[in-house]
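Worksheet: one structure, shown below.
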Amino acid sequence: MSFIPGQPVTAVVQRIEIQKLREGDNLILGFSIGGGIDQDASQNPFSEDKADKGIYVTRVSKGGPAEVAGLRIGDKIMQVNGWDMTMVTHDQARKRLTKKKEDVVRLLITRKSLEETVRHSMMQH
Amino acid sequence: MDTDSIHSGYSHHSNRSRGSNKQSERSSRDRHKSHSRDSSSRSDKNVTISASSAQPQQPDQGSAPTDAQDDNWGETTTAVTGTSDHSLSQEDLAGFGKETDGPVEKLNCIRFLPLALTLLLGLLVLVTPLSFLVLPQVLWPERLQACGTACEGLFLSLAFKLLILLLAGWALFVRPTRASLPRIAVFRALLGLLTLLLLLSYWLFFGVRILDSQEENYHGIVQFAVSLVDALLFIHYLAVVLLEIRHLQPCFSLCVVRSTDGETHHYNLGQLSIQRAALVILEHYYKDFSVHNPALLTAAKSRAAKHLAGLKVYNVDGAGSDAATAQSRAKIAAAARQRDTSHNELYYEEAEHDRRVRKRKARLVVAVEEAFTHVRRLQEEEKKKPPGDEMDPREAAQAIFPSMARALQKYLRTTRQQHCHSMDSIQAHLAFCITNNMTPKAFLESYLMAGPTLQYGRECWQTRQWTLVSEASVTSPLHQGSEFQLKSSDFSLVVTSKAIPHLKLSEEYVHPKSHKFVLQLQSETSV
């Protein structure tokens, strides 16, 4: 998932749709995010390239909507409902995910194993 | 000492085997069987040394199998006579070298020759300006023009300058010589020659211009004398710069290694000739290097001797032409193969030795601490009423010494230092420690650690006669890569020099307000 500055980023992504769960007054998704362009990327345990300032999933609560939808720990979120998440601050990312008017978030996530799966399936044909 | 018992065991062996001839050999062997068994049982540990153990067939010995007297007494003798009948201990061997040096130095008058020359030159320097002033007054007093205050000022300045010159000369040149160097000191000789040349030229001018023509202008003569003293003061300045100041700036780093045990020290020196550098190194040697202890070095040699001594080469194919080289090569090859177990022996031997040293040290420390508790300094008010027996430090030391003497002696024997410390020196040291309120640990420190040679008595200062061995001339200056050796009777110091590299220091200015920091965040938000 490394990128060359100035070139478009290409990645194999998976589309995940999460239904928000209502708990009291809040709508929760059931995972935690880390990263952002205002954060220290070298401390990110999930990224391959330690200069990658994208948004990563750091924790998925058990049985929550995210886990049910197929989100895994270590996934990098590329888009949320069409909004780009590769070059946002941590707070902007949080806001995009927790809009009160939206019940559903459609994420594009990427992970390392996706590429291998695609290559594997392409080899089989 | 341990080695003594082994030596005497083997010489006992060879005596018995060699002294008796073949017919009475068996009977004498039977008679001495009981004796030899005791000595050989002591030598059981070092079975590999004696080649007799390499031939295990002993038909007539029903007792311990390591008993070595058998029919092959011929081989036994040839292997064992490497150690002689007259076994010497380390103390005796150390004593041999001492007879060669001694009071010969006192008769060596050449030591005082430079001092005598210096004094002569100093006398000449003192006499010359005064004679320049006095001779015209004596030889033609009526024709001299009297000069007033100007001359008086010149007389005063001359007197003080001469005084300063004499004091400075005394400070710089009239000092006890540190050492006798093999060649002359080049700078001193040059300076002496320069001074002599100056004085001669002044005398020449004086003789020609003033004495012959009987100069009347006394003012001029006095100025002539004052100029001489000025020139001499400048020569003295030159001497200070050349002899004392020039070699202060370090430009070489010398590495000094002792040949026997590899102890290494480094010194930074300036531009000196090789002989002067050797002198500085020797002065540092006595205070930096730990004392040379020949008793510690025998272990490695005996280990090496064990390998080759245990092998005998037999030529089964008849006399070969290159017997000697083939034999030695065969020996080395066999020894290389046999070396598999010696490292094991070394390891266990050293572990055992360390354990023994530590045990003795523990006993020693306890004994000394206990002994020190018996002695207490008498307080001021107690001195007024005599309590009975007060002792001065020497007597107090003698009183508490016996309780620790045995433990100390055993410890010194284990660490093989016993020849460096005599009983008198130990008691003197004890009295010294008691006088200065030292703790037992302070007293013991000089016995637990091997200190520099300066610390020990005169019997350990064995070498004051050193030989400088050098490929380059000893008056040539040091340069990068110069090597020389300082040999004494027991060991030598190998010295190599390296030039201190030219250091380039650059600066980086840091503005005091330029230290700014930012926090590195790694936050995690749950959504």
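Letters go in sequence order (proteins before strands), and every chain restarts at 1. From a predicted model like this one, the values you see are computed outputs, not experimental measurements.
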Just by distance, which donor-acceptor pairs between chain A and chain B come in under 3.5 Å?
{"residue": "A/Leu29", "atom": "N", "partner": "B/Val527", "partner atom": "O", "Å": "3.3"}
{"residue": "A/Gly30", "atom": "N", "partner": "B/Val527", "partner atom": "O", "Å": "3.1"}
{"residue": "A/Phe31", "atom": "O", "partner": "B/Val527", "partner atom": "N", "Å": "2.8"}
{"residue": "A/Ile33", "atom": "N", "partner": "B/Thr525", "partner atom": "O", "Å": "2.7"}
{"residue": "A/Ile33", "atom": "O", "partner": "B/Thr525", "partner atom": "N", "Å": "3.0"}
{"residue": "A/Gln39", "atom": "OE1", "partner": "B/Gln522", "partner atom": "N", "Å": "3.3"}
{"residue": "A/Gln39", "atom": "OE1", "partner": "B/Ser523", "partner atom": "N", "Å": "2.8"}
{"residue": "A/Gln39", "atom": "OE1", "partner": "B/Ser523", "partner atom": "OG", "Å": "3.2"}
{"residue": "A/Gln39", "atom": "NE2", "partner": "B/Ser523", "partner atom": "OG", "Å": "3.3"}
{"residue": "A/Asp40", "atom": "N", "partner": "B/Leu521", "partner atom": "O", "Å": "2.9"}
{"residue": "A/Thr58", "atom": "OG1", "partner": "B/Glu524", "partner atom": "OE2", "Å": "2.8"}
{"residue": "A/His90", "atom": "NE2", "partner": "B/Thr525", "partner atom": "OG1", "Å": "2.4"}

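- With a threshold of 4.5 angstrom between heavy atoms, A/Leu97 approaches chain B through side-chain atoms but not through N, CA, C or O.
- Remark: A/Ala66 pairs with A/Ile18, A/Phe31, A/Val60, A/Leu71 by the side-chain contact (heavy atoms from CB on, under 4.5 Å) rule, at least two apart or across chains.
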